[in-house]
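As structure tokens, the structure follows; a few thoughts come after it.
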There are 2 protein chains.
Amino acid sequence: MEEQSDATRNGTSGPPGLHELPHESFVPVNGQPSEAEQYDVNQYERPSVTVDVLMMSLRQRDLQTLLIKRRSWPYEDMWAIPGGFINMNESLESAAKRELQEETGVQDVYLEQLYTFGDPGRDPRTRVITVVYFALLDSERLQLRAASDATEVGWFSVYELPQLAFDHQEIVDYALNRLRNKLEYTTIAFNLLPEQFTLRELQRVYEIILHKRLDKRNFRKKIVSTNILEDTGAKKMEGTHRPARLYRFNPAAEHKL
Amino acid sequence: MEEQSDATRNGTSGPPGLHELPHESFVPVNGQPSEAEQYDVNQYERPSVTVDVLMMSLRQRDLQTLLIKRRSWPYEDMWAIPGGFINMNESLESAAKRELQEETGVQDVYLEQLYTFGDPGRDPRTRVITVVYFALLDSERLQLRAASDATEVGWFSVYELPQLAFDHQEIVDYALNRLRNKLEYTTIAFNLLPEQFTLRELQRVYEIILHKRLDKRNFRKKIVSTNILEDTGAKKMEGTHRPARLYRFNPAAEHKL
DNA sequence: GCAATAGTGTCTATCAGACATTATTCT
DNA sequence: AGAATAATGTCTGATAGACACTATTGC
């Protein structure tokens, strides 16, 4: 931290503060033309910016995340969270959606910005700052596209991950934490279920993510009391036992958990 | 979003995914030397990355934030959140600390990453992605450095801000939201108070941030029950009335609110 | 009738919120 | 005595968690 302060005081090694830059310091890209342009912002070294997308879904009664296998240095043959460079004309969220689309073919899923990781040294090739997004996919729609790409991809239990490249384990930990917290006070869980589901299935979502057993009666009481569920009238029969009611999430009833 | 997908399919306009790049694609900066380096990552256009720091403090019984006045296009003469380019060898957090130090001379304050803003048009000069940090300063230490810099800086009530440059109003809104939420379930509020404080002062912090009156008895009951306060034995006498006990925050008692 | 899961209610402890009076200091 | 703020407790309604039995289906 002290080195950086020095670098800043030294006018030649670091750029001045952006918001203090005089008018002439920039070549406007899509703004009005400026009077003088003696100063090119490109003379400064810039980090690379990537957008990674941590996708999570419930598969085989497990919370799983999609990883891709690296085929080159660094971290050759290790698994990593999918991501890519940001294009100059797309928003961060668009880049995340693009990545999501490329890897899974799925659109319109739950997506939120998770955190930005940018330690120098996290990528040995060059300075890479990664804005990480976090997506939740419902298991049903996901079945469609199994293995499609040339690159090796796979779904892994977040509880039994292989060794991950870069600081990606830290990212998964961060995401899992966020997911668990949001589970308690938002309706985020519904993004992991198909449109219709039983209360038992919803409970299972909570149990898998929180990684603990929940009491059936208390759980149902709590969910039902919020009025966020709509009885579809339909029932789901599987196995040799009493069929379960199918519900649908009603986002209109914005009664928080 | 659709344009970006096109751009991606068009091999010449966008870079390949970072994590899929073959080994030879990079000039290692501080890694092992690679066998072949026909590919220079610098050929791709890169966004600028800045780190902005939204500083908040309690001043004059008000929640205020530090802004600097812009002196050039764009948004000339408007107020903005302080920030600057990131140096290639410093972490995001180090950059935020550097900015904090430059603007206020203060160190060791509460600092957390808030969010990353990166819409393509948010700065008309060039593509700028800003990682925003959020700092809380205690009012007492802050008195020391009043007006020091050449650039015009000022503290403004978050509730009566002037028109802000760029998307900075959105950033303030986001920060205020985060602060309010964290107030309820963390001990973040103590960062806005000096080492010793009265319960009334603590209550005032909550009232100012939540922007509503709180019941004195309920507030004290709740705080005291968490055991996060330590009675210093000292009292604070001001005005012609009964003096108030001075407390100190005890971080050891990690009893969440 | 057996296996298997769906569906349901009560009691208790804890917490949040409404609410008014006494205590201490200075002038 | 009066002004000003500190300090304190009770009641009530809501919520969370522990806990066990009946209902429906297929075989």
Side-chain angles (χ1 to χ4, degrees), chain A residues 61 180-187 189 193-194 196-248 253-257, chain B residues 61 180-187 189 193-194 196-248 253-257:
Chain A
R61 299 200 174 180
R180 280 179 180 156
N181 286 329
K182 283 212 158 180
L183 211 58
E184 316 261 15
Y185 66 94
T186 72
T187 56
L193 288 172
Q196 298 194 9
F197 50 87
T198 68
L199 276 174
R200 185 68 188 86
E201 289 166 341
L202 181 60
Q203 184 179 341
R204 196 164 281 128
V205 173
Y206 277 78
E207 289 181 334
I208 291 170
I209 296 174
L210 298 177
H211 223 214
K212 68 178 181 191
R213 279 277 158 96
L214 297 177
D215 180 85
K216 188 185 192 176
R217 282 163 296 183
N218 292 337
F219 181 80
R220 298 163 92 95
K221 213 191 323 168
K222 180 173 170 170
I223 297 293
V224 170
S225 74
T226 62
N227 285 328
I228 50 180
L229 290 193
E230 207 177 84
D231 192 336
T232 63
K235 299 201 170 186
K236 180 169 192 171
M237 183 70 257
E238 58 175 359
T240 165
H241 56 268
R242 179 169 176 179
R245 282 180 143 83
L246 278 166
Y247 293 88
R248 178 189 298 125
E254 255 315 331
H255 193 283
K256 290 277 160 117
L257 303 178
Chain B
R61 300 199 172 178
R180 281 181 180 156
N181 287 330
K182 283 211 159 180
L183 210 58
E184 317 260 15
Y185 66 94
T186 71
T187 56
L193 289 171
Q196 296 193 10
F197 51 86
T198 68
L199 276 174
R200 185 67 188 87
E201 289 166 340
L202 181 60
Q203 184 179 340
R204 197 164 282 130
V205 173
Y206 276 78
E207 289 181 335
I208 291 170
I209 295 173
L210 298 178
H211 222 215
K212 69 178 180 191
R213 280 275 159 96
L214 297 176
D215 180 86
K216 189 184 191 177
R217 283 162 296 184
N218 292 336
F219 181 79
R220 297 162 93 95
K221 213 190 326 166
K222 180 172 170 170
I223 298 292
V224 171
S225 75
T226 61
N227 285 329
I228 50 180
L229 291 193
E230 206 176 84
D231 194 336
T232 64
K235 298 201 172 184
K236 180 168 194 171
M237 182 70 255
E238 55 175 1
T240 164
H241 56 266
R242 179 170 176 177
R245 282 179 142 84
L246 279 166
Y247 293 88
R248 177 189 297 124
E254 256 315 329
H255 193 284
K256 290 279 161 118
L257 303 179

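Chain naming here is simple, since letters A, B, ... match the order of the sequence lines and numbering starts at 1 in each.
For Arg200(B), the side-chain contact (heavy atoms from CB on, under 4.5 Å) test picks out Thr198(B), Gln203(B), Arg204(B), Glu207(B), with sequence neighbours left out. Contacts of Lys221(A) classified as salt bridge (Lys or Arg N to Asp or Glu O under 4.0 Å), with partners at least two apart in sequence or in another chain: none.
The interatomic distance linking Asn218(B) (CG) with dT12(D) (P) rounds to 15 Å, in whole Å. For Lys212(A) and dA16(D), the NZ to P distance is 13 Å, given to the nearest whole Å. Computed from coordinates, the Arg213(B) CZ to dG17(C) P distance equals 17 Å when rounded to whole Å. A straight line from OH of Tyr206(A) to P of dG17(D) spans 13 Å, rounded to a whole angstrom. In this structure, Lys236(B) atom NZ and dT5(D) atom P are separated by 14 Å, rounded to whole Å. Leu210(B) has its CG atom 11 Å from the P atom of dG17(C), to the nearest Å. When rounded to the nearest whole Å, the span between CZ of Phe219(A) and P of dG7(C) equals 13 Å. Per the geometry, CG belonging to Leu229(A) stands 15 Å off C1' belonging to dG7(C), to the nearest Å.
Taking the side chain of Arg220(B) as heavy atoms from C-beta on, and the options dG17(C), dT25(D), dT8(D), the nearest nucleotide is dT8(D). Of the candidates dA18(C), dA6(C), dT5(D), dT5(D) carries the atom nearest the His241(B) side chain, counting heavy atoms from C-beta on. Listed nucleotides dT24(C), dA6(D), dA18(C) differ in distance to Ala244(B); the shortest reach to its side chain belongs to dA6(D). Of the listed nucleotides (dA7(D), dT25(C), dA18(D)), dA18(D) has the atom at the smallest distance from the side chain of Lys221(A).
Looking at heavy-atom distances under 4.0 Å, Arg245(B) makes contact with sugar-phosphate atoms alone, never a base. As judged by a 4.0 angstrom heavy-atom cut-off over every strand, Arg200(A) is placed among residues touching the sugar-phosphate backbone only.
Without hydrogens or angle criteria, Thr232(B) side chain to Leu246(B) main chain gives a donor-acceptor distance under 3.5 Å.
For the pair Glu238(A) and His241(A), the tightest heavy-atom approach, listed with the atom from each and the gap, is O-CE1, 2.6 Å.
Between Asp215(B) atom CG and Arg220(B) atom CZ the span is 10.5 Å, to the nearest 0.5 Å. Leu202(A) contributes atom CG, which lies 5.0 Å from atom CD1 of Ile223(A) (distance to the nearest 0.5 angstrom). Gln196(A) contributes atom CD, which lies 13.5 Å from atom CZ of Arg245(A) (distance to the nearest 0.5 angstrom).
Along DNA chain C, the nucleotide nearest to Asp215(B) and the one nearest to Lys222(B) differ in position, and the one closer to the 5' end is contacted by Lys222(B).
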Would you list the protein and nucleotides 20-22 of chain D atom pairs, both N or O, that sit under 3.5 Å from each other?
none

